[in-house]
Amino acid sequence: MTGSKVTTLTEAVAAHVRDGMTVALEGFGHLIPFAAGHEIIRQRRRDLTMCRMTPDILTDQLLVAGCVSRLVASFFASGSAGSLYEIRRRVEQHDPAPLETEEYSHYGMYCRYEAGAKRLPFQPLLSYVGSDLPALNPRIRSVESPYGEGRVYVVPPLNPDVTIVHAQRADASGNTQLWGITGAQAPAAYAASAVIVTVEEIVAPEVVRADPNRTLIPAHAVDAVVEVPGGAHPSYAQGCYDRDSAFYREWTPISRDREAALAWIDEWIHGTADHAGYLAKLGQQRWDGLRVAPAPSGSVSYGRRKE
Amino acid sequence: MTGSKVTTLTEAVAAHVRDGMTVALEGFGHLIPFAAGHEIIRQRRRDLTMCRMTPDILTDQLLVAGCVSRLVASFFASGSAGSLYEIRRRVEQHDPAPLETEEYSHYGMYCRYEAGAKRLPFQPLLSYVGSDLPALNPRIRSVESPYGEGRVYVVPPLNPDVTIVHAQRADASGNTQLWGITGAQAPAAYAASAVIVTVEEIVAPEVVRADPNRTLIPAHAVDAVVEVPGGAHPSYAQGCYDRDSAFYREWTPISRDREAALAWIDEWIHGTADHAGYLAKLGQQRWDGLRVAPAPSGSVSYGRRKE
Amino acid sequence: MTADSSRHGSGPSTAERSSAGRPVADVADVPPHSAEFLATVAARELAGRHRVFAGVGLPTLAVDLAKRTVNPGVELVYESGVVGAHPEAMAEGIADSVLVSGSEAMLSMDALFGYVLQGGYVDVGFLGAAQVDRVGNINTSVIGDWRRPEVRLPGSGGASDIMASAREIVVVLRRHDPHALPADVDFCTSPSPVRARRQEGFHQPEGAGVTTVITPLGILRRPDRYGELELAAVHPGVTVAEAAENTGWDLRVRADVAETPRPRAEDVRLLREEIDTVRLYLR
Amino acid sequence: MTADSSRHGSGPSTAERSSAGRPVADVADVPPHSAEFLATVAARELAGRHRVFAGVGLPTLAVDLAKRTVNPGVELVYESGVVGAHPEAMAEGIADSVLVSGSEAMLSMDALFGYVLQGGYVDVGFLGAAQVDRVGNINTSVIGDWRRPEVRLPGSGGASDIMASAREIVVVLRRHDPHALPADVDFCTSPSPVRARRQEGFHQPEGAGVTTVITPLGILRRPDRYGELELAAVHPGVTVAEAAENTGWDLRVRADVAETPRPRAEDVRLLREEIDTVRLYLR
């Protein structure tokens with residue numbers, strides 16, 4: 001157990017995210033670290049290499065805001081809600097500038113984080129045989145199996161300068177617990193030089209230690225812990241609040257019109273001091289509509305040795 | 001969800017474990033499937049290749065009983081309690097017969113299960129550079145990294161014919177939940193052609209589905225589910241009962257004397273009809289001494305969408 | 001995500017102007033290009049299958065309908081890690097919280113892609129596509145040149161992983177024309193075993209590739225692992241000639257080519273009144 | 001398991017006939033070969049270290065003592081997956097339930113060996129050994145020929161994984177003689193960087209290897225990654241000559257060779273009255 005790493009999002013981003021860095025913001029449809037991404041926009045970081053399996057609206061927004069020059073990803077749309085038009089404009093029309101992209105399948109991208117976390121020179125997977133993907137991504141290579149089953153594709157480690165994730169809870173030293181869809185958060189955190197964790201709630205160490213199997217990112221891998229309730233909006237936090245599907249639908253026409261997207265960034269990000277300000281602007285009524293009813297996991301026992 | 005796979009241990013072992021098979025019985029110090037191993041002894045299986053990271057007393061017993069001709073493992077002693085003398089006699093004196101062994105480090109063995117579960121031709125790891133282990137185990141090979149960092153050792157997949165694990169609970173279709181030390185159970189199960197799960201308790205599907213993140217082995221990977229309370233004795237089940245450390249100490253002198261060990265097998269395994277009989281013979285008083293006090297994990301919420 | 005990425009143009013295609021909202025008095029008013037029709041046809045493909053890896057869009061409707069009709073025991077697996085989903089409401093995406101709550105297992109992505117998918121546990125992978133070609137190669141990446149494409153599609157997501165390891169792949173297309181069904185894809189995101197085999201010396205994936213393509217005109221099937229897609233059925237009101245003309249290669253027609261049975265009124269009712277009550281996919 | 005595998009003979013060694021059970025009136029009655037003495041010396045090595053990977057036996061005593069004395073913040077990591085253990089009782093092995101209950105994280109073995117260990121998070125790996133040689137190679141596999149060994153030792157367990165990736169390794173030996181400290185090990189289970197370097201063309205492990213060996217006679221240290229073990233300290237009552245004579249190579253003696261400070265009465269009291277109250281390791 002180490003000392004408290006609790007700080008503000010302003011300070012955490014200022015301390016750990018610098019221009020030109022490779023930054024992973026992970027969360028697979030769930031627990032997407034929107035509040036942290038918005039703070040990167042507020043602090044006007046530039047020339048970032050953004051790593052996200054599913055770029056989602058968050059990446060579209062960071063692109064509109066001019067923070068990102070390079071994208072490492074495995075999906076270039078927004079789940080059920082369709083295109084991310086800023087990404088499409090950058091790629092299809094080089095408007096306002098081309099976007100360098102590095103593309104994988106989901107498992108390829110996941111394996112890059114795994115290799116990064118485990119300091120392996122490469123990780124094999126069964127995908128890509130016959131695909132055009134390796135031809136356009138020279139980082140996807142192949143290795144001959146020394147057991148005689150032929151060649152297999154491999155991906156190299158991905159080691160971000162900083163990884164940012166959002167979770168349901170952590171203690172002050174950074175022991176981080178998440179449930180529901182756990183995505184690439186743990187390997188992306190272990191692969192990085194610095195890790196910022198934003199959480200719905202900072203809890204007492206006793207809460208974490210009552211259920212150690214839920215800790216997916218231990219304190220030793222975490223540099224900053226920030227309590228940011230609602231920090232995944234418009235994505236969701238299992239058990240806390242639901243996805244704001246209306247927001248996802250609303251983003252499509254905004255994203256389609258670059259001026260509208262810039263205006264949105266100005267109004268909602270630069271126009272608010274922090275995530276609390278963003279949520280206040282969103283309004284209590286909208287937030288109430290995202291609340292979920294409780295569905296308890298139930299408790300198991302870990303046992304204590306009797307004296 | 002599939003139908004019920006609930007059966008008896010007698011039937012499960014009869015149906016899935018046959019002479020000459022490669023059998024993994026996993027559980028890293030915790031949840032060691034002793035009851036299932038004892039049933040293999042009762043059914044007098046022969047010529048098994050036994051896979052266990054830490055052979056433990058269970059393997060010593062299976063060897064004494066004449067079930068095992070080959071051992072794939074990464075540790076050849078019994079944790080804190082010292083030597084496993086049947087293994088030592090077989091290896092050092094070929095008494096009563098030599099024992100073929102295939103040896104890895106813990107992570108090498110774990111990576112074999114991982115490659116087996118993922119149908120990868122090999123899995124790289126950072127161990128073994130400079131070690132004598134690869135020289136005596138031709139299955140440990142090396143691969144040149146296509147990214148220029150030199151060669152790295154790899155291990156091949158391990159795909160048991162049957163994997164047997166013990167867990168705290170499962171539902172009747174085989175969704176298996178375990179907590180505490182989770183060992184190699186999940187990859188060993190996925191790597192196998194057939195899987196037997198013994199559990200402290202078969203619970204309603206609703207119990208499992210209230211906390212899906214605790215399911216480490218889903219029903220689709222499981223062929224037989226058997227309720228065997230106390231099935232890990234003399235190892236332990238976190239939250240249910242503690243390790244019988246006295247038994248571990250008692251095994252050392254038994255194991256040191258082959259006749260005593262044979263007598264123990266006759267009395268405790270062939271002399272009991274099943275695990276319930278074994279536990280009855282052990283006695284309530286001894287069992288009471290292994291009980292642990294409750295230490296609740298606490299409950300989290302998964303949330304339900306409101307209508 | 002294995003999204004239904006078939007709509008690469010802007011604006012709704014004809015397929016999207018469906019019959020949703022009308023009463024289910026007469027199933028003859030459910031046209032073959034409608035989501036109701038396609039989802040019903042797709043659902044029937046799941047009869048007898050154990051485990052389905054479902055993407056977003058029509059696959060969501062189809063697996064839900066299959067579970068309520070032809071295959072109550074089908075196990076739904078999602079690339080987000082959900083195994084054995086029992087959603088209380090229709091999922092809006094493969095990472096929807098309703099898929100997680102009450103599911104049988106919530107696995108790590110490593111376990112999902114590594115153990116479940118590569119391990120060979122998925123019987124049917126349900127994918128969308130912008131293009132499927134003659135031998136079942138799938139393009140979900142780009143229309144035109146990759147460096148500066150006409151249309152930047154969603155990319156692989158899990159599709160190329162699923163193609164390699166699911167026992168078979170069913171594709172639902174929202175259009176049937178030579179652009180969506182060309183002789184050769186513009187870009188091969190997820191390769192057929194036919195194409196994989198050409199990469200000599202490589203460990204060949206286990207999956208059989210695309211076995212079935214459901215379109216607004218009919219059903220195409222590949223007879224074996226290395227075969228080409230053939231016309232197996234045409235939807236009511238569609239002629240064999242019409243299907244052939246709208247395909248980008250010289251489409252082989254099976255001798256036993258059939259007419260696709262219409263959805264039952266109950267299928268349409270379930271889709272409209274119980275599954276997609278918010279009209280997310282039924283438009 | 002990274003067990004304390006130093007006892008490969010049968011019957012207790014002299015080191016095992018320790019002073020346990022007596023009152024802690026005078027720490028001078030705690031001989032250098034006793035578990036109390038060795039554990040105290042080992043505990044001091046952990047001052048200022050963040051994260052320790054602890055094996056069974058003396059390492060268990062040493063990390064517990066260090067946490068209560070020189071390094072209350074030290075994080076205890078076990079190969080069973082436990083991270084940040086806060087045991088309420090002394091652990092009898094690295095998979096003891098008391099290490100799990102109340103720990104900060106219970107990781108999968110893949111995360112523990114892959115992320116934590118290979119990822120470079122372990123500062124000190126605490127290992128036992130049957131033999132440690134001149135450059136810090138460790139043997140925990142066999143004495144004699146591997147095919148039919150004189151003594152079959154426990155094998156690697158996690159040791160060779162830990163050696164490759166922990167920043168440094170501290171070994172505690174229960175005997176100091178030319179068998180335990182030979183010029184070259186009979187079998188190299190866990191290689192020193194000196195030996196790893198000889199395997200040309202291989203990606204070299206990050207770990208510095210064995211930096212410190214604590215024995216019943218003194219403390220040996222390696223000055224750098226590719227150096228050899230030198231005598232850095234002798235225990236009270238032990239001469240430099242005695243240590244050198246009992247070592248299997250021509251032991252270099254540091255110019256600043258010191259006498260090991262004795263355990264404090266409080267160290268011994270903690271070990272006897274609070275840590276190993278059941279006398280599992282203190283015999």
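Quick note on labels: first sequence line is chain A, next is B, and so on, each numbered from 1. Keep in mind that what you see is a predicted model, and the values were worked out from it rather than measured.
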Using non-hydrogen atoms only, which part of [X] is less than 4.5 Å away from chain B: side chain, backbone, both, or neither?
X      : answer
D/R198 : neither
D/D110 : both
D/A164 : side chain
D/P205 : side chain

Hey, are the side chains of [X] and [Y] touching, using non-hydrogen atoms and a 4.5 Å cut-off?
X      : Y      : result
B/L136 : D/F187 : yes
B/L84  : D/R152 : no
D/E79  : B/H106 : yes
D/V100 : B/Y236 : yes
D/F202 : B/V152 : no
D/R195 : B/D132 : yes
D/D96  : B/R243 : no
B/Y110 : D/D161 : no

Notebook entry, point to check: Distance only, no hydrogens: is a donor on one side chain within 3.5 Å (strictly under) of an acceptor on the other, for B/Y128 and D/Q199?
Noted result: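 There is no such pair between these side chains.
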Check: Just by distance, with hydrogens left out, do D/S97 and B/Q238 show a side-chain donor and acceptor under 3.5 Å apart?
Finding: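 Checked: D/S97/B/Q238 side chains show no N/O donor-acceptor pair below 3.5 Å.
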Check: Which value, rounded to the nearest 0.5 Å, describes the distance between D/S108 atom OG and B/Q185 atom CD?
Finding: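 Here the rounded value is 11.5 Å.
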Notebook entry, point to check: With distance as the sole test, does B/S131 use its side chain to make a donor-acceptor pair with the main-chain N or O of D/T189 at under 3.5 Å?
Noted result: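 At least one qualifying donor-acceptor pair exists.
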Checklist line | D/V151 backbone acceptor or donor facing B/R88 side chain under 3.5 Å | finding: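 No; zero donor-acceptor contacts below 3.5 Å.
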Next item on the list: Please state whether the rings of B/Y107 and D/F113 are parallel, tilted or perpendicular, taking 30° and 60° as the class boundaries.
Entry: parallel
Margin query: Can you tell me which of D/S141, D/G114, D/S103, D/S192 forms the most heavy-atom pairs within a distance under 4.5 Å of chain B?
Written below: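 Among D/S141, D/G114, D/S103, D/S192, the one with the most close pairs to chain B is D/G114.
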Next item on the list: Would you mind telling me which of D/R148, D/Q118, D/H203 has the largest number of heavy-atom pairs within less than 4.5 Å of chain B?
Entry: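 Winner by heavy-atom pair count: D/R148.
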When heavy-atom pairs shorter than 4.5 Å are enumerated against chain D, which of [options] gives the highest number?
options                : answer
B/G108, B/G180, B/C111 : B/G180
B/A295, B/P55, B/G183  : B/G183
B/L126, B/D242, B/T182 : B/L126
B/H94, B/E144, B/E149  : B/H94

Checklist line | chain D contact via B/M109 - side chain, backbone, both or neither, heavy atoms under 4.5 Å | finding: neither
Next item on the list: List the steps, then state whether salt bridge (charged side-chain N to carboxylate O under 4.0 Å, His left out) holds for B/R151 with D/E200.
Entry: CA-CA 9 Å; B/R151 299 192 78 80; D/E200 274 175 46; over 6 Å; no
